[in-house]
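Read through the structure below, which is laid out as structure tokens, and then see the notes.
To find a chain, count down the sequence lines: A is the first, B the second, and so on, and within it residues start at 1. Atoms considered below: every heavy atom in the structure, side chains included; atoms not considered: hydrogens, waters and symmetry mates.
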2 protein chains.
Amino acid sequence: MQTPRRYHHGDLRAALLAGAEDTLREKGPAALSLRELARDLGVSHAAPSRHFKDKQALLDALALVGFDRISRTMTTALEEAGESFADRLAAGARSYVDFAVANAELLDLMYSIKHTPEASEELGAASQRWTEQMMNLIVEGQRSGEVREGPLERVGIGVFSTLHGYATLAASDSLPEEMRGQDLDELVAYILRGCAPEA
Amino acid sequence: MQTPRRYHHGDLRAALLAGAEDTLREKGPAALSLRELARDLGVSHAAPSRHFKDKQALLDALALVGFDRISRTMTTALEEAGESFADRLAAGARSYVDFAVANAELLDLMYSIKHTPEASEELGAASQRWTEQMMNLIVEGQRSGEVREGPLERVGIGVFSTLHGYATLAASDSLPEEMRGQDLDELVAYILRGCAPEA
DNA sequence: ACCTGAACACCGTTCAAGT
DNA sequence: ACCTGAACACCGTTCAAGT
């Protein structure tokens, strides 16, 4: 199913990440085996340890890939969006939900509890960058007067929670039947009401 | 650390569930081993298979425990809450977030993608019961005129997403620093605005 | 630097057999 | 019914040794 052997000219690390993501997507996290990965890539089972000290280290690196990917996706989505907060929010919501559905297992990994205890500096930083990107949207809205004033805890957390919750539920197929595969307009409208200036 | 042996007089099933939840909480899902569980309980490593055909079956049963627990918690929280929608929403939010933080690994399990493919009839039913319990809150609010009219997709999904998102983020320690350990008043206020009747 | 081969201490699952 | 013991085909991790 893959080029017989020797196909990685020194890019075993990248090949491992790509292979791990594939099996994660296709067979779930429980099926991910370092030895099988090595076999498929035509290297010895001990080779991966040169690039990832641990199975967990591979998973952490994969989560990092996820954060980078959603950040990038979001950035280009926002570049193509209009100027109003409503437009930008809608674009952001769309891209997050799309990412979540297309990368359900990765999203699960990104927010599984494991890597909280300072698993990797890089991972924490990437997660924070992504969160701040969402918060920026709110700050923009506040500057243009479309979002109520106040510290970010006041409304930013609400918006982020709503988007993350919806994305998560959609990804894990946990939305009630009546609400599946619906477009996001109603959700965005609900969020906008939550954000609306005071009077 | 536990009664040496023979302590399960026919309640191996319950003992396995309890043990599994403990190690899940204390050492994470990756550390859960059927053989170790059996060892700790003083039975042979093949004994668990009489009660759970599979490791996955044990995990499914554990997720079911989680849905039952949050449902029950929520029910008593709502019984003790006031009559207004604002009060009931606040009570519901509080109990969900508390559950999430106290049972982070269980929550992860409940909403991991695995059991979507009709893993177990019971599990699907429990998950649905819990979702409907949340939706009932909204319907109540609509009846009392505190929540805008319309089908549940309109606002119920928003409320559920917000609560689930916040609970999830809190459980996985992914809330931005400024927003951690804060009380829920601001979040509830944001949700209430999203729910408010039209004029 | 990057990888191999062998070794170690584990796994989950199955299945005959015991009580 | 409920459990045991042995067996099978896997794991992750480590470490000397090779190129």
Side-chain angles (χ1 to χ4, degrees), chain A residues 1-24 26-63 105 109 112 114-115 117 119-120, chain B residues 1-24 26-63 105 109 112 114-115 117 119-120:
Chain A
M1 282 315 126
Q2 50 260 96
T3 342
R5 69 197 69 262
R6 293 302 82 146
Y7 95 82
H8 53 279
H9 36 291
D11 223 359
L12 182 54
R13 200 194 126 95
L16 285 166
L17 278 171
E21 190 182 344
D22 281 358
T23 78
L24 195 65
E26 275 150 35
K27 307 197 287 181
L32 200 152
S33 143
L34 287 182
R35 284 178 105 113
E36 188 178 17
L37 228 44
R39 242 180 276 128
D40 290 350
L41 292 165
V43 296
S44 89
H45 63 259
S49 75
R50 288 293 127 184
H51 300 95
F52 303 101
K53 82 173 229 295
D54 229 30
K55 191 179 186 181
Q56 187 57 50
L58 209 191
L59 292 175
D60 288 348
L62 218 45
E105 299 81 5
L109 195 61
S112 64
K114 293 159 204 156
H115 28 64
S120 122
Chain B
M1 280 317 124
Q2 52 259 94
T3 342
R5 68 197 69 263
R6 293 302 83 144
Y7 96 82
H8 53 281
H9 38 290
D11 222 358
L12 181 54
R13 201 194 124 94
L16 285 166
L17 279 172
E21 190 182 343
D22 281 358
T23 77
L24 194 67
E26 276 151 34
K27 308 199 285 181
L32 201 152
S33 143
L34 287 182
R35 284 179 105 113
E36 188 178 16
L37 227 46
R39 242 180 277 129
D40 290 349
L41 292 165
V43 296
S44 90
H45 63 260
S49 75
R50 287 295 127 184
H51 300 95
F52 303 101
K53 82 173 229 294
D54 227 34
K55 191 179 185 179
Q56 188 58 49
L58 209 191
L59 292 175
D60 288 348
L62 218 43
E105 299 80 7
L109 196 62
S112 63
K114 293 159 204 155
H115 30 64
S120 123

Check Phe52(A) against Ala61(A) and note the closest heavy-atom contact, atom names and distance. CE2-CB, 3.7 Å
To the nearest angstrom, how far is Leu16(A) atom CG from dC2(C) atom P? 13 Å
Assign each of Lys53(A) and Ala46(B) the nucleotide of DNA chain D bearing its closest heavy atom; nearer the 5' end lies the nucleotide of Ala46(B)
Nearest 0.5 Å, please: how far is CD in Glu105(B) from CD in Glu21(B)? 9.0 Å
Could you check how far CG of Leu32(B) sits from P of dG12(C), rounded to whole Å? 8 Å
Please work out if Ser44(B) contacts a base, only the sugar-phosphate, or nothing of the nucleic acid, heavy-atom cut-off 4.0 Å. base
With sugar-phosphate meaning primed atoms plus P, OP1 and OP2, does Leu37(A) contact a base, only sugar-phosphate, or nothing at under 4.0 Å between heavy atoms? nothing
What is the distance from NE2 of His45(B) to C1' of dT4(D), rounded to the nearest Å? 8 Å
Once you apply the 3.5 Å cut-off to both distances, tell me the Watson-Crick or G-U wobble partner of dA17(C), or none. none
Between CD of Gln56(B) and C1' of dT13(C) the distance, given in whole Å, is 15 Å
Name the residue closer to the 5' end of DNA chain D, choosing between Arg39(A) and Ser49(A) according to the nucleotide with the nearest heavy atom. Arg39(A)
At less than 4.0 Å, is any side-chain N or O atom of Ser33(B) found next to OP1 or OP2 of dG12(C)? Yes or no. yes
Working for side chain to side chain contact (heavy atoms under 4.5 Å, CB included), residues Leu32(B) and Lys55(B): CA-CA 9 Å; Leu32(B) 201 152; Lys55(B) 191 179 185 179; 4.2 Å; yes
If I take atom CG in residue Leu59(A) and atom C1' in nucleotide dG12(D), what distance separates them, rounded to the nearest angstrom? 13 Å
Do His51(B) side-chain and dA1(D) base share a donor-acceptor contact under 3.5 Å? no
Tell whether Arg50(B) reaches the base of dT4(D) with its side chain through a donor-acceptor pair below 3.5 angstrom. no
Between P on dC11(D) and CD on Glu36(A), what's the gap in Å once rounded to a whole number? 6 Å
Rounded off to whole Å, could you give me the NZ-to-P distance for the Lys55(B) and dC11(D) pair? 14 Å
Check the distance between dC10(D)'s P and Leu34(B)'s CG and give it to me in whole angstrom. 19 Å
With a 3.5 angstrom cut-off on both distances, give the Watson-Crick or G-U wobble partner of dC11(C), or none if there isn't one. none
Show the numbers, then the answer: is there a side chain to side chain contact (heavy atoms under 4.5 Å, CB included) between Leu109(A) and Asp60(A)? CA-CA 8 Å; Leu109(A) 195 61; Asp60(A) 288 348; over 6 Å; no
Derivation and outcome, side chain to side chain contact (heavy atoms under 4.5 Å, CB included), residues Leu34(B) and His45(B): CA-CA 7 Å; Leu34(B) 287 182; His45(B) 63 260; over 6 Å; no
